[in-house]
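These values consider heavy atoms only, across backbone and side chains, with no hydrogens, waters or symmetry-generated copies.
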Amino acid sequence: MKIYTKTGDKGKTSLFGGTRVPKYNLRIEAYGTVDELNSHIGLIRDQKIDTHTSKILLIIQHELFTIGSMLATPPEKKVLKNGKERLTISKISNESIELLEKEMDKMNETLPEMTHFILPGGHTTVSFCHIARCICRRVERITTQLSDESSIELQILMYLNRLSDYLFVLARKLTFDNNAQEIKWIPEKTT
């Protein structure tokens with residue numbers, strides 16, 4: 001299979017099902033940003049982290065590919081003429097969302113209570129988590145806008161919302177795993 005097809009040379013690309021759209025199409029922006037997020041999560045996995053976290057991040061990466069596939073399939077192309085679904089893979093489910101919630105609950109059991117906003121940083125791995133969290137929030141905003149214009153599964157929005165929370169909690173966990181310091185944001189008061 002050749003990587004280059006030359007079909008996008010004039011600024012258009014195909015969605016799953018064959019619909020041609022400009023490369024700046026909101027649906028393309030949504031799943032392209034999911035891909036960017038997935039790459040950053042791969043960067044976190046490449047760091048010295050515990051095996052359990054690495055396994056969970058790998059599950060998340062698979063889920064993000066699923067989300068990308070779901071977003072790449074416009075509603076009018078989801079079902080084939082024979083009535084079968086075009087996308088024949090498992091979709092994002094409530095179980096996918098619950099996994100993130102359970103993981104956050106487990107991490108929070110060992111973390112000190114949060115009393116202030118926290119500044120990103122303190123350790124390279126922690127910073128990678130915060131970057132991924134910000135990208136996740138961006139893909140959530142883009143996907144929410146897409147959902148206003150087109151039909152998308154609610155579980156996608158729910159998953160992205162939980163994932164950004166998960167990445168924040170993971171950043172806190174990795175701060176403590178790496179003996180780094182959480183820097184609280186304490187704004188200066190005006191008189």
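With sequence neighbours excluded, the residues satisfying side-chain hydrogen bond (donor to acceptor under 3.5 Å, both in side chains) with Arg137 are Glu140, Asn161, Ser164, Asp165. Applying the salt bridge (Lys or Arg N to Asp or Glu O under 4.0 Å) criterion to Glu101, with sequence neighbours excluded, gives Arg162. Contacts of Glu36 classified as side-chain hydrogen bond (donor to acceptor under 3.5 Å, both in side chains), with partners at least two apart in sequence or in another chain: Arg138. The side-chain hydrogen bond (donor to acceptor under 3.5 Å, both in side chains) check on Lys91 picks up Glu85, with sequence neighbours excluded. Glu63 is linked by a side-chain hydrogen bond (donor to acceptor under 3.5 Å, both in side chains) to Ser96, counting only residues two or more places apart in sequence or in another chain. With sequence neighbours excluded, the residues that form a side chain to side chain contact (heavy atoms under 4.5 Å, CB included) with Ile89 are Thr66, Ser69, Leu87. Take Leu80 and apply the side chain to side chain contact (heavy atoms under 4.5 Å, CB included) test, not counting sequence neighbours, and it matches Asn82, Arg86. In this structure His62 satisfies the side chain to side chain contact (heavy atoms under 4.5 Å, CB included) test together with Leu58, sequence neighbours excluded.
For residues 144-161, the salt bridge (Lys or Arg N to Asp or Glu O under 4.0 Å) pairs, not counting sequence neighbours, are Lys78-Glu153.
Within the 4.5 Å cutoff, side-chain heavy atoms of Pro74 are placed close to those of Arg27. Contact check for Leu57 versus Tyr166: side-chain heavy atoms found under the 4.5 Å cut-off. Side-chain contact between Leu26 and Gln145 is present, with at least one heavy-atom pair separated by less than 4.5 Å. Residues His123 and Leu174 have side chains not in contact (no heavy-atom distance under 4.5 Å, counting atoms from C-beta outward). For the pair Leu100 and Ile60, the minimum side-chain heavy-atom distance is below 4.5 Å.
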| request: Run the numbers on Ile156 and Met70 for side-chain contact (heavy atoms from CB on, under 4.5 Å), then give the verdict. | output: CA-CA 9 Å; Ile156 292 174; Met70 292 170 73; 3.8 Å; yes

Please walk me through it: do Leu119 and Lys184 pass side-chain contact (heavy atoms from CB on, under 4.5 Å)?
CA-CA 6 Å; Leu119 298 178; Lys184 296 175 182 176; over 6 Å; no

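Checked by atom type and distance alone, the side chain of Ser147 pairs as donor or acceptor with a backbone atom of Thr144 at under 3.5 Å. Judged by distance alone, with hydrogens and angles left aside, the side-chain atoms of Asn178 form no donor-acceptor pair with the main-chain N or O of Ala180 at under 3.5 Å.
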Distance-only donor-acceptor pairs under 3.5 Å for side chains of residues 105-115, two or more places apart:
residue: Lys106; atom: NZ; partner: Glu103; partner atom: OE2; Å: 3.2
residue: Asn108; atom: ND2; partner: Met104; partner atom: O; Å: 3.4
residue: Thr110; atom: OG1; partner: Met107; partner atom: O; Å: 3.0

Side-chain donor/acceptor pairs under 3.5 Å, residues 41-50, sequence neighbours excluded:
residue: Arg45; atom: NH1; partner: Gln61; partner atom: OE1; Å: 2.7
residue: Gln47; atom: NE2; partner: Leu43; partner atom: O; Å: 3.0
residue: Asp50; atom: OD1; partner: Thr53; partner atom: OG1; Å: 2.8
residue: Asp50; atom: OD1; partner: Lys173; partner atom: NZ; Å: 2.8
residue: Asp50; atom: OD2; partner: His52; partner atom: N; Å: 3.3
residue: Asp50; atom: OD2; partner: Thr53; partner atom: N; Å: 2.8
residue: Asp50; atom: OD2; partner: Thr53; partner atom: OG1; Å: 2.9

Which donor-acceptor pairs under 3.5 Å do side chains of residues 128-135 form with protein atoms, sequence neighbours excluded?
residue: His130; atom: ND1; partner: Arg133; partner atom: NE; Å: 3.3
residue: His130; atom: ND1; partner: Arg133; partner atom: NH2; Å: 3.2

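Val139 and Ala30 get closest at one heavy-atom pair: CG2-O, 3.4 Å. Taking every heavy atom of both residues into account, Leu71 and Tyr31 meet most closely at CB-CB, 4.0 Å.
Note: Asp35 CG to Ile28 CD1 = 11.5 Å, rounded to the nearest 0.5 Å. With values rounded to the nearest 0.5 angstrom, Leu160 atom CG is found 10.5 Å from Thr33 atom OG1. Remark: Glu29 CD to Thr143 OG1 distance equals 9.5 Å, nearest 0.5 Å. Between the CG atom of Leu154 and the CD1 atom of Ile92 there is a distance of 12.5 Å, given to the nearest 0.5 Å. In this structure, Asp177 CG and Thr125 OG1 are separated by 10.0 Å, a value rounded to the nearest 0.5 Å.
The environment of Phe176 atom CZ is dense: over 12 non-hydrogen atoms of other residues, nucleotides or ligands sit within 6.0 angstrom.
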